[in-house]
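As structure tokens, the structure follows; a few thoughts come after it.
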Amino acid sequence: MGEEGAQRGAATSQVNSTGDDQKKLDVLSDEIFVSVLSEPPLLARIGRATGPAPTRWPGSPRTQLPLSSRPRARRARRALPRPPQALINSGACAVLVSEERDEAIIVPEEKAGRFCVAFDPLDGSSNIDCNVSTGTIFAVYEKKTPGKLGSVADVLRVGSDIVAAGYCMYGAATEMVLCFKGATGVERFTLDPSLGEFCRTHSGVTFPAGGGKKIYSCNEGNSPYWDKPIQDAVADFKVKKYAARYVGSMVSDVHRTILYGGIFLYPADTKSPKGKLRVLYEGFPMALLVEAAGGKASTGMFNGSVQRMLDLVPTTIHERCPVILGSPRDVDLVLSRYN
Ligand code: FBP
């Protein structure tokens, strides 16, 4: 990645509202994401303006991360309308919640739209510096607050109210995975840099039959702080000869889990009694996708009971929750430890 990559991955002196280091790319991707919500075709235009998308397609040179490098990329970036003007112009959104902003963005009444979006503009940011795959995660709600103006109440609601969810993964290729509420299976799209468009490559994707490959994915460095049921379940996976896989970017670990099978968990522990991951823009969207793909998404033992992720009702926009998701075979194995 060299000096340029290091610059982009460099930490700013800031931390976000949940105390996590904020990387320059976190901030940049947040700005782009908010602006893209204003003009969906904009991303396609950036793609055409800057040539290959910010990823490595097989065979394309590694250093082609365009956004802040080449003159055309800089011109395209300067063309991006600055939030909140961009938000105001969208006409599609009423409320936006970003991992990188302390407060929700409420779009002024005269421009407010039907939808509310919670998003993690750059998930797995601790992996940026070493060029390991990262992603973007989002959940979409339909505004329910009467009148034109939205409010935080439009997103602080039960997870099963989400109408659509998805993620983009920036890996060997850029993929986008989407689903709508009530769908069976998820839709996979791959970015074609030459078109600057996402092309649907797989439809109705579900977990492999029977649960798929025996893979467990978690940060085992936290195991001393886990409760006994989780420690026992992970020990059991080893006895059952499961393979361990952990990228440390939720998007990448969940993407692999949906495609190959197995389980991803970031449970609560004595260090983080509410877990690490955030309800609105990590837990909920991934739960909708995993359930649509025939999997299960739970909090494990949380606030005194084992709960379905989408039954949670968050009270703050950056609330955290434990996450246990994957094939029913493996999630049930973990949850059975609480019986
Ligand atoms: P952000 O990078 O958006 O803050 O996401 C949190 C995250 O990086 C997840 O992507 C990942 O699953 C988890 O934290 C990794 O945490 P840890 O480094 O504690 O294993």
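Each ligand, and each atom within it, is numbered from 1 in the order the structure gives. Side chains included, hydrogens not; waters and symmetry mates left out as well; all remaining heavy atoms used. For clarity, every value in this text was computed on a predicted model and none was experimentally measured.
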(message) Quick check on contacts: which atoms of ligand 1 are under 4.0 angstrom from a heavy atom of Tyr246?
(response) 15 (C), 16 (O), 17 (P), 20 (O)
(message) I'd like to check whether Asn222 has a polar contact with ligand 1, where a contact means an N/O of the residue lying under 3.5 Å from an N/O of the ligand.
(response) no
(message) Using a 4.0 Å heavy-atom cut-off, which part of Met286 comes near ligand 1: side chain, backbone, both, or neither?
(response) neither
(request) Could you list which atoms of ligand 1 come closer than 4.0 Å to a heavy atom of Glu282? (result) 3 (O), 5 (O), 6 (C)
(request) Enter the distance from Asp227:CG to Thr270:OG1 here, rounded to the nearest 0.5 Å. (result) 9.5 Å
(request) Would you mind checking if Arg278 and Glu319 are paired as a salt bridge, meaning a charged N to carboxylate O distance below 4.0 Å? (result) no
(request) State the atoms of ligand 1, each with its element, that fall below the 4.0 Å cut-off from a heavy-atom position in Met250. (result) 9 (C), 10 (O), 11 (C), 12 (O)
(request) Enumerate the atoms of ligand 1 whose separation from the nearest heavy atom of Asn219 is less than 4.0 angstrom. (result) 17 (P), 19 (O), 20 (O)
(message) So for ligand 1, is Asp120 a polar contact partner (N or O within less than 3.5 Å, distance only)?
(response) yes
(message) Counting the benzene-type ring for Trp, do Phe237 and Tyr242 have ring centres under 6.0 Å apart?
(response) yes
(message) Does any N or O of ligand 1 fall below 3.5 Å from an N or O anywhere on Ser126, backbone included?
(response) no
(request) For Ser327, check side chain to side chain contact (heavy atoms under 4.5 Å, CB included) against everything at least two apart and list the hits. (result) Phe207, Arg329, Asp330
(request) Give a yes or no on whether a salt bridge exists between Asp253 and Arg245, defined as a side-chain N under 4.0 angstrom from a carboxylate O. (result) no
(request) For Gly124, counting its heavy atoms only, list the atoms of ligand 1 lying under 4.0 Å from any of them. (result) 1 (P), 2 (O), 3 (O), 5 (O), 8 (O), 10 (O)
(message) I need the atoms of ligand 1 closer than 4.0 Å to a non-hydrogen atom of Arg278, numbered in the order shown.
(response) 1 (P), 4 (O), 5 (O), 6 (C)
(message) Check for me whether Leu122 has a heavy atom closer than 4.0 Å to any atom of ligand 1.
(response) yes
(message) Quick check on the 6.0 Å ring-centre criterion: do His318 and Tyr281 meet it?
(response) yes
(request) Would you mind listing which atoms of ligand 1 come within a distance below 4.0 Å of any non-hydrogen atom of Glu99? (result) 1 (P), 3 (O), 4 (O)
(request) State the OH-NZ distance between Tyr266 and Lys276, to the nearest 0.5 angstrom. (result) 4.5 Å
(message) I'd like to check whether Leu277 has a polar contact with ligand 1, where a contact means an N/O of the residue lying under 3.5 Å from an N/O of the ligand.
(response) no
(request) Inspect the contact between Glu291 and Arg308 and indicate whether a charged nitrogen and a carboxylate oxygen are less than 4.0 angstrom apart. (result) yes
(message) Which heavy atom of Ile324 sits nearest to which heavy atom of Ile230, and what is that distance?
(response) CD1-CD1, 3.9 Å
